[in-house]
Amino acid sequence: MQQQSDDARFLELRSVTTGYGDVPVVRNANMAFARGAITAVIGSNGAGKSTAIKAAAGLLPIWKGQVKVNGVDVTHEAPHKRLARGVAFVPQGRIVLPEMTVRENLDVGAYILGNDRARFDAALARMVRIFPVIGKRMNQLAGTMSGGEQQMLAIARALMTDPTAIILDEPSLGLSPKLVDQVFEKLTMLAAEGLTVIMVEQKASRALAIAHSGYVMHTGQVVYSGPAQELLDNPNVQRLFLGEVPEEIDRLLATLENEEPAHA
Ligand SMILES: Nc1ncnc2c1ncn2[C@@H]1O[C@H](COP(=O)(O)OP(=O)(O)OP(=O)(O)O)[C@@H](O)[C@H]1O
Ligand SMILES: [Mg+2]
């Protein structure tokens with residue numbers, strides 16, 4: 001386990017158990033997400049990755065254990081308060097409001113800032129710096145943007161809450177290798193500016209390549225964790241969790257799903 005001093009941790013799960021209905025899905029998970037770092041959560045299908053990060057984002061009740069933000073116990077706080085504490089969530093599937101313009105999508109993100117004009121301006125400035133393309137498309141209907149642009153917009157909208165941490169579920173899903181590079185490059189820029197980035201990724205090797213540290217989940221538990229490079233070098237992690245979808249299938253999926261505008 002990577003050693004982190006307590007104040008390096010922005011967000012933390014301590015022995016967290018949670019699930020759906022009465023079925024436990026994530027069991028006894030310990031995860032710490034360092035400030036200004038990228039942390040990748042990888043693992044097999046159905047391992048509980050999305051469930052773990054939803055727990056971190058305040059979207060699921062915690063059955064056992066603790067969630068801490070900035071050292072404060074937020075385990076049983078109401079879900080909407082997590083955003084006010086600086087934790088933004090970008091769900092899987094590049095969800096934007098297709099019939100609304102880019103600007104309207106961004107305004108929805110910024111509602112949390114209320115009338116704080118200075119914070120809004122700062123959030124907008126950071127967003128435009130990272131996503132100049134979005135800044136130039138303010139009046140375009142979100143549903144007419146390409147898949148890659150919609151994913152950028154979904155991230156941009158989360159940034160409009162002026163968060164300290166951004167949690168993303170499969171940001172590369174359905175994007176061509178080139179667009180995956182672009183999205184990962186943006187996440188790297190954001191972390192370099194001090195944002196805490198937490199992402200679940202199927203493209204495990206690529207995610208670990210830009211991450212500082214990682215967690216590997218299997219059947220609801222964290223089975224490996226540590227600096228990203230150590231996970232990449234670990235023969236067991238390689239054998240069990242870093243098998244990539246064959247290049248050919250990846251390319252095929254990209255041509256089918258990507259460049260065309262999505263229809264709502
Ligand atoms: N809303 C839900 N209601 C009931 N069970 C759920 C729900 N969401 C997920 N599960 C179950 O919880 C388990 C873990 O799901 P989760 O989505 O966290 O896995 P994952 O690691 O993100 O998988 P994937 O890589 O396929 O996205 C699975 O068995 C899944 O069927
Ligand atoms: Mg998932």
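Every number for a ligand or one of its atoms is a count from 1 in the order of the listing.
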Give the residue, atom name and distance (to 0.1 Å) of the protein heavy atom nearest [atom].
{"atom": "atom 16 (P) of ligand 1", "value": "Thr51 OG1, 3.6 Å"}
{"atom": "atom 9 (C) of ligand 1", "value": "Tyr20 CE1, 3.4 Å"}
{"atom": "atom 29 (O) of ligand 1", "value": "Gly46 O, 4.4 Å"}
{"atom": "atom 26 (O) of ligand 1", "value": "Asn45 ND2, 3.0 Å"}
{"atom": "atom 12 (O) of ligand 1", "value": "Val25 CG2, 3.4 Å"}
{"atom": "atom 17 (O) of ligand 1", "value": "Ser50 CB, 3.7 Å"}
{"atom": "atom 19 (O) of ligand 1", "value": "Gly48 N, 3.3 Å"}

Using distance alone, with no hydrogens and no angle criterion, decide if [X] and [Y] have a side-chain donor and acceptor under 3.5 Å apart.
{"X": "Tyr20", "Y": "Thr51", "result": "yes"}
{"X": "Asp169", "Y": "Ser50", "result": "yes"}
{"X": "Gln140", "Y": "Thr101", "result": "no"}

Suppose I only count heavy atoms of Ser44 and a 4.0 Å limit; which atoms of ligand 1 are within that range? 21 (O)
N/O/S from Ser50 sitting under 2.8 Å away from the Mg ion (ligand 2): yes
Quick check: Gln202 and ligand 1, any N/O pair under 3.5 Å apart? yes
Quick check: does Gln92 get an N/O under 3.5 Å from an N/O on ligand 1? no
For a quick test of reading the model, state the closest non-hydrogen atom pair linking Gly58 to Arg82 and the distance between them. N-NH1, 3.2 Å
Before giving the answer on side chain to side chain contact (heavy atoms under 4.5 Å, CB included), spell out for Tyr215 and Ile42 the whole-Å C-alpha distance, their side-chain angles and the decisive distance to 0.1 Å. CA-CA 6 Å; Tyr215 289 90; Ile42 65 167; over 6 Å; no
Stepwise side chain to side chain contact (heavy atoms under 4.5 Å, CB included) test for Ser225 and Met31: CA-CA 9 Å; Ser225 65; Met31 297 182 165; over 6 Å; no
For atom 24 (P) of ligand 1, is the nearest protein heavy atom under 4.0 Å away? yes
Would you find a donor on one side and an acceptor on the other, under 3.5 Å apart, between the side chain of Arg94 and the backbone of Leu173? yes
Look only at the side chain of Glu201 and the backbone of Val41, and say whether a donor-acceptor pair between them is shorter than 3.5 Å. no
